[in-house]
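What's counted below: heavy atoms across the whole structure, side chains too, no hydrogens, waters or symmetry copies.
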Amino acid sequence: MKVELEEDKAKWLMEILDENAIQNQKKPTIQQLKNQFEENFEDFELFWFSKPMQQLKENGVILSL
């Protein structure tokens, strides 16, 4: 599977995934992710519902948060 994101957003997402590995019992809420995202970028909803993010969700990379 290949997913293309802007480099800075891809780095942000990789950090989030690393911080929230499946072993980590405490998962962030969508609101926490939105707040973190919007510290550096605009329009979390546009990002969260984008085609690349949908691909990650459909392939199980991002499960329920």
Side-chain angles (χ1 to χ4, degrees):
M1 174 177 67
K2 181 178 178 180
V3 176
E4 293 187 27
L5 290 170
E6 295 172 34
E7 183 177 356
D8 51 352
K9 291 178 182 171
K11 286 180 182 179
W12 176 84
L13 182 60
M14 292 304 297
E15 288 175 13
I16 293 298
L17 293 174
D18 285 342
E19 291 171 7
N20 298 288
I22 201 160
Q23 313 83 296
N24 187 351
Q25 296 296 317
K26 187 171 180 176
K27 303 292 182 218
T29 65
I30 292 292
Q31 186 62 50
Q32 289 169 324
L33 288 176
K34 179 180 180 184
N35 293 344
Q36 231 178 337
F37 182 88
E38 290 182 347
E39 288 176 10
N40 300 301
F41 312 107
E42 293 182 12
D43 204 347
F44 176 77
E45 286 81 9
L46 187 62
F47 171 75
W48 191 249
F49 296 106
S50 66
K51 184 175 180 175
M53 293 302 290
Q54 285 304 114
Q55 289 177 295
L56 293 174
K57 294 172 195 170
E58 290 170 4
N59 288 286
V61 175
I62 296 177
L63 302 176
S64 61
L65 295 172

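Both Leu17 and Phe49 are members of a single hydrophobic cluster when ILVMFWY side chains are connected at heavy-atom separations under 4.5 Å.
Under the rule for a side chain to side chain donor-acceptor pair (under 3.5 Å), the partners of Asn35 that lie at least two apart in sequence or sit in another chain are Gln31. Every residue two or more places apart in sequence or in another chain that forms a salt bridge (Lys or Arg N to Asp or Glu O under 4.0 Å) with Glu45 is listed here: Lys34. In this view, Glu42 satisfies the side chain to side chain donor-acceptor pair (under 3.5 Å) rule with no residue, not counting sequence neighbours. Legend: residues meeting side chain to side chain donor-acceptor pair (under 3.5 Å) with Glu38, ordered by chain and number and at least two apart, are absent. Partners of Gln32 under the side chain to side chain contact (heavy atoms under 4.5 Å, CB included) rule, at least two apart in sequence or in another chain, are Pro28, Thr29.
The aromatic rings of Phe37 and Phe47 sit parallel to each other, their planes meeting at less than 30°, with 60° as the upper class boundary.
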Would you list the atom pairs, donor with acceptor, under 3.5 Å between side chains in residues 2-9 and any protein atom, with sequence neighbours excluded?
unit_1	atom_1	unit_2	atom_2	d
Glu7	OE2	Lys11	NZ	3.2

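To the nearest 0.5 Å, atom CZ of residue Phe44 and atom CE of residue Met53 are 7.0 Å apart. Here CD of Gln36 is found 8.5 Å from CD of Glu15. Values are rounded to the nearest 0.5 Å.
Across all their heavy atoms, Trp48 and Ile30 have their closest contact at CZ2-CD1, 3.8 Å.
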